[in-house]
Amino acid sequence: MIRTRILDQLSIALRHAAPQLNALSVDDAVLAGLRLERPRNPEHGDYAVNVSFLARHTKMAPPKIAETIAAHWTDPSLSASVVGGYLNLRLSETVFCEALTALLKESEPGKNASLLGEVILVEYVSANPTGPLHIGHGRWAALGDTLVRILRHCGAQVTAEFYINDAGVQMRNIALSVLLRAREVLLEREKLSADIQRVEAEVPYPGDYVSDIVRELLDDQPELNAQILAFWQALLQANPEGPILWAMHSDSVPTDLLKSIMTLTRDRMLSVQRALLDTMRVTFESWISEKAYLYDRDVITPSLQRLSEQGFTYEADDALWFKSTEFGDEKDRVLRKSDGSFTYLTPDIAYHHDKFNRPEGYNLILDIWGADHHGYIPRMRGAIQALGHNADQFEVLLGQLVNLIVDGERTRMGKRRKMLTLQDVIDEVGVDATRFWMVSKSADSALDFDVDLAASSTSENPVFYVQYAHARCCSILRNAVESAPNVDTGELNPPFVQAEALTEFEAQLTPEKLALLFDSLAEPRDRAVLGNLLLILDSFEDTVKDAARLRAPHFITQALMDVAAQFHSFYNVCRILTPDPAVTTVRLMLVRAIQSVLAQGLELLGVSAPEKM
RNA sequence: GCCUCAGUAGCUCAGUCGGAUAGAGCAACCGCCUUCUAAGCGGUAGGUCACAGGUUCGAAUCCUGUCUGGGGUACCA
């Protein structure tokens, strides 16, 4: 990488110059402070170092410092010139060719070892199996899966995990909703009389999809069908007169019936969610059920006991509390409600306790949450500390929420009656555009997802811009080695280059052989475009590292847009396939490198890289 | 009230550790297909980086305060 090479040279020059810089001690802090940047103005060179910050250490004027360092510059391939407090560097064409050579030898561009040895557990989406995934889940899915891919590209060993929230009040609510909605379906099927209208109810989950679940359950489960029918008939017969207030009776639903509905609903919704995630190319190695993994194995109580033994719990108002205020939370939190059941927090504490104790020995527990769970962080972090774990190994990536724009109007995501689900959006917009769009903005920004815009004018979507660049590369690489019929005569033209010759050239590639790439361009402006293109390709590895370090997948989309733009630009000023096979060959090397970076970047985003469009 | 995210071109958003003249896409306007994919390229126009102080050689970036908008502030999850 060019950047590394420059930094090495800079470090050497700095050490040599140190005596004339008031005996500056060239330590890590000084080297870390030296930032290599791309100048905005191309006249300032390819890279620049701002040495102004050394003024404090050396008590010298910045231009003087720059000049002193420049005087000790030894690498002629990185020619240095001084403008004010800047050390401007212009790279020789050889350096560019070396970078391209290195890139072409890379089977997976950007792959690096910056996170080698890291063992990371990433948990995301983790929806309740009480309904279809909504647009917000789509953001976490795209964000999480992309981040996982990026972390792996940096050498980390990553496990992606989905926590199935299949215990607790919400499951009971969805089951009750199914039962309630079932009476309408039964009415349609004329097994129940119109008496049903006497039932007055607030439905916890009013979404239309509940009726769909009901129909499927009733169709597939004749036994359950009979049980539900019997339940409703009994209830209506027991109350021959007047309206039935559902709230008074929901507690008397037979436990077995409710459990069967709950289980079947859970399985149904989970499989729907999994199918969609699969469509989105979002993969989890691990699916953890709150009910099966935590409740049924009875691991909640032990972690609760451990908290108590450490003295971080107390009883008050018939409930058990966690002293989360001792860890900076604004108030203490209930662990066990006065009715004896746990709050959501309690199994979640056990879950995170378990994450820390797994044999994999994760040194980073990374959760991706929606911003609506923000206030939950201090108590979770507190619990982790209270259990004796290192809270620094626990990190929450918060994503701001998604606004769905339909007909130009902002719709809050959620379980509305006429809700647009993630599946609807995917059907309209497609996986590629959805994933690209979802990660192309910083997670810190609330995201407006305009469905009409994304669906109607797909060509405006940046993902196609990048994919088009990739397809264009592929097309050129195809055409280069194929015989094409002459437009006028219909006779077959020979290919621009022989496929074997091309393979041979690439296998024996050296920077010197690429010199023709620059030499064949007459216009300085075209050379500048080429140089810029090579610099962006070369810095792709840094982009991947930064994206991993800052958990910022949108760096990747940004970089791909950049590569695509520079390539399109180059394509318009410089023909790749020429009558001269030698020139064609070196230009094809460039195209191959671009194609390889674009393909790799799209792979990291989980977006397809079409060879034709 | 408190916590938190945001406020940058008409719109949607980048801007990494504080650096040179503020960056894209879309929308607008003017050009470019006889040639490898025009889902493309070149150009023009568009800015009080919400506001006010502060820190310093230097602030869209850091600090304080104010305003506006999103989210949170449960014995829901």
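Side chains are part of it too, since the values below use all heavy atoms of this structure and drop only hydrogens, waters and symmetry mates. All chains are named by letter (A, B, ...) in the order of the sequence lines, taking the proteins before the strands, and each is independently numbered beginning at 1. Quick caveat, the model's predicted, so the values are computed rather than measured.
Here A:Asp546 lies in heavy-atom contact (under 4.0 Å) with a base. If you check every strand for non-hydrogen atoms under 4.0 Å, A:Ser52 touches a base. In this structure, A:Glu611 reaches the bases: a heavy-atom distance under 4.0 Å links it to at least one base atom across the strands shown. Using a 4.0 Å heavy-atom distance criterion, A:Asn50 is classed as a base contact. Among the heavy atoms of the strands lying under 4.0 Å from A:Thr343 are primed sugar atoms or P, OP1, OP2 only; no base atom is included. Residue A:Cys574 is classed as a base contact, given a heavy-atom separation below 4.0 Å to a base. Using a 4.0 Å heavy-atom cutoff across all strands shown, A:Ala480 reaches no nucleic acid atom at all. Residue contacts for A:Lys331: at a heavy-atom cut-off of 4.0 Å it reaches the sugar-phosphate backbone alone, with no base atom in range. As judged by a 4.0 angstrom heavy-atom cut-off over every strand, A:Glu330 is placed among residues touching the sugar-phosphate backbone only.
With both ends at atom P, the span from B:rC49 to B:rA22 equals 10 Å, rounded to whole Å. Nucleotides B:rA74 and B:rA14 place their C1' atoms 38 Å apart, quoted to the nearest Å. Look at the P atom in both B:rU66 and B:rC29: the space between them is 45 Å, to the nearest Å. Between B:rG70 and B:rG10, the two C1' atoms lie 22 Å apart (nearest whole Å). For the P atom pair drawn from B:rG58 and B:rG46, the interatomic distance equals 30 Å after rounding to whole Å. Using atom C1' as the reference point in both B:rC41 and B:rG25, the two lie 15 Å apart (nearest Å). Taking atom P in both B:rU61 and B:rC5, one finds a spacing of 16 Å when rounded to whole Å.
Considering A:Asn403, A:Val439, A:Val402 as possible partners of A:Leu447, the one that fulfils the side-chain contact (heavy atoms from CB on, under 4.5 Å) test is A:Val402.
Contacts of A:Ala593 classified as side-chain contact (heavy atoms from CB on, under 4.5 Å), with partners at least two apart in sequence or in another chain: A:Leu100, A:Leu103, A:Leu104, A:Leu537. With sequence neighbours excluded, the residues that form a salt bridge (Lys or Arg N to Asp or Glu O under 4.0 Å) with A:Lys545 are A:Glu541. Considering only residues two or more places apart in sequence or on other chains, A:Ser445 meets the side chain to side chain donor-acceptor pair (under 3.5 Å) condition with none of them. Under the rule for a ring-ring contact (aromatic ring centres under 6.0 Å, His included), A:His373 has no partner lying at least two apart in sequence or in another chain.
Proximity of A:Asn572 to the phosphate of B:rC36: no side-chain N or O atom is located under 4.0 Å from OP1 or OP2. In terms of phosphate contacts, A:Tyr344 brings no side-chain nitrogen or oxygen within less than 4.0 Å of OP1 or OP2 of B:rA77. A close approach under 4.0 Å does not occur between any side-chain nitrogen or oxygen of A:Ser440 and OP1 or OP2 of B:rA24. For B:rC5, the OP1/OP2 oxygens have no side-chain nitrogen or oxygen of A:Lys441 closer than 4.0 Å. Distances shorter than 4.0 Å separate some side-chain N or O of A:Arg472 from OP1 or OP2 on B:rA38. The side chain of A:Tyr376 places no N or O atom within less than 4.0 Å of a non-bridging phosphate oxygen (OP1 or OP2) of B:rG71. Proximity of A:Lys337 to the phosphate of B:rC76: a side-chain N or O atom is located under 4.0 Å from OP1 or OP2.
Straight-line distance from the CG atom of A:Leu335 to the C1' atom of B:rA77: 15 Å, rounded to whole Å. Rounded to a whole Å, the OH atom of A:Tyr351 is 17 Å from the P atom of B:rA77. Following rounding to the nearest Å, A:Tyr465 (OH) and B:rA14 (P) show an atom-to-atom distance of 19 Å. We find that CZ of A:Phe496 is positioned 13 Å from P of B:rU35, with the value rounded to whole Å. Atom-to-atom, CG of A:Asp317 to P of B:rA74 comes out at 15 Å; the value is rounded to the nearest Å. In this structure, A:Ile556 places its CD1 atom 17 Å from C1' of B:rA24, rounding to the nearest Å. The interatomic distance linking A:Glu37 (CD) with B:rU61 (C1') rounds to 14 Å, in whole Å. Rounded to whole Å, atom P of B:rC57 lies 15 Å from atom CG of A:Leu54.
For B:rG70, the base has a donor-acceptor partner in the side chain of A:Gln400 [N/O atoms by modelled type, under 3.5 angstrom]. Looking at A:Asp448, its side chain has no donor and acceptor atom pair within 3.5 Å of the base of B:rU12. No N or O donor and acceptor, one from the side chain of A:Ser569 and one from the base of B:rC41, sit under 3.5 Å apart. Looking at A:Asn88, its side chain comes within 3.5 Å of the base of B:rA20 through a donor and an acceptor atom.
Note that A:Arg472 lies in the cation-pi zone of A:Tyr571, set by a 6.0 Å cut-off to the ring centre and a 45° limit from the axis. Relative to the ring axis of A:Tyr47, A:Arg38 places its NZ or CZ within 45° and under 6.0 Å from the centre.
The listed nucleotides are B:rA77, B:rA20, B:rG71; the one nearest the side chain of A:Val83 is B:rA20. The A:Trp321 side chain lies nearest to B:rC75 when the options are B:rU37, B:rC75, B:rC13.
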Under the rule of Watson-Crick or G-U wobble with both distances under 3.5 Å, where | means paired to another strand and [ ] a crossing pair, RNA chain B maps to (((((((..((((.....[...)))).(((((.......))))).....(((((..]....))))))))))))....
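The aromatic rings of A:Phe342 and A:Tyr295 sit tilted relative to each other, their planes meeting at an angle between 30° and 60°. Aromatic ring pairs are classed by plane angle as parallel below 30°, tilted from 30° to 60° and perpendicular above 60°; the pair A:Phe312 and A:Phe322 is perpendicular.
B:rC33 has its base syn relative to the sugar, with a glycosidic angle deviating from 0 by at most 90°.
Taking the 5.5 Å centre cut-off and the 30° plane limit, the aromatic side chain of A:His554 is not classed as stacked on B:rA14.
Listed by first and then second residue, the salt bridge (Lys or Arg N to Asp or Glu O under 4.0 Å) pairs involving residues 565-582 of chain A amount to none (not counting sequence neighbours).
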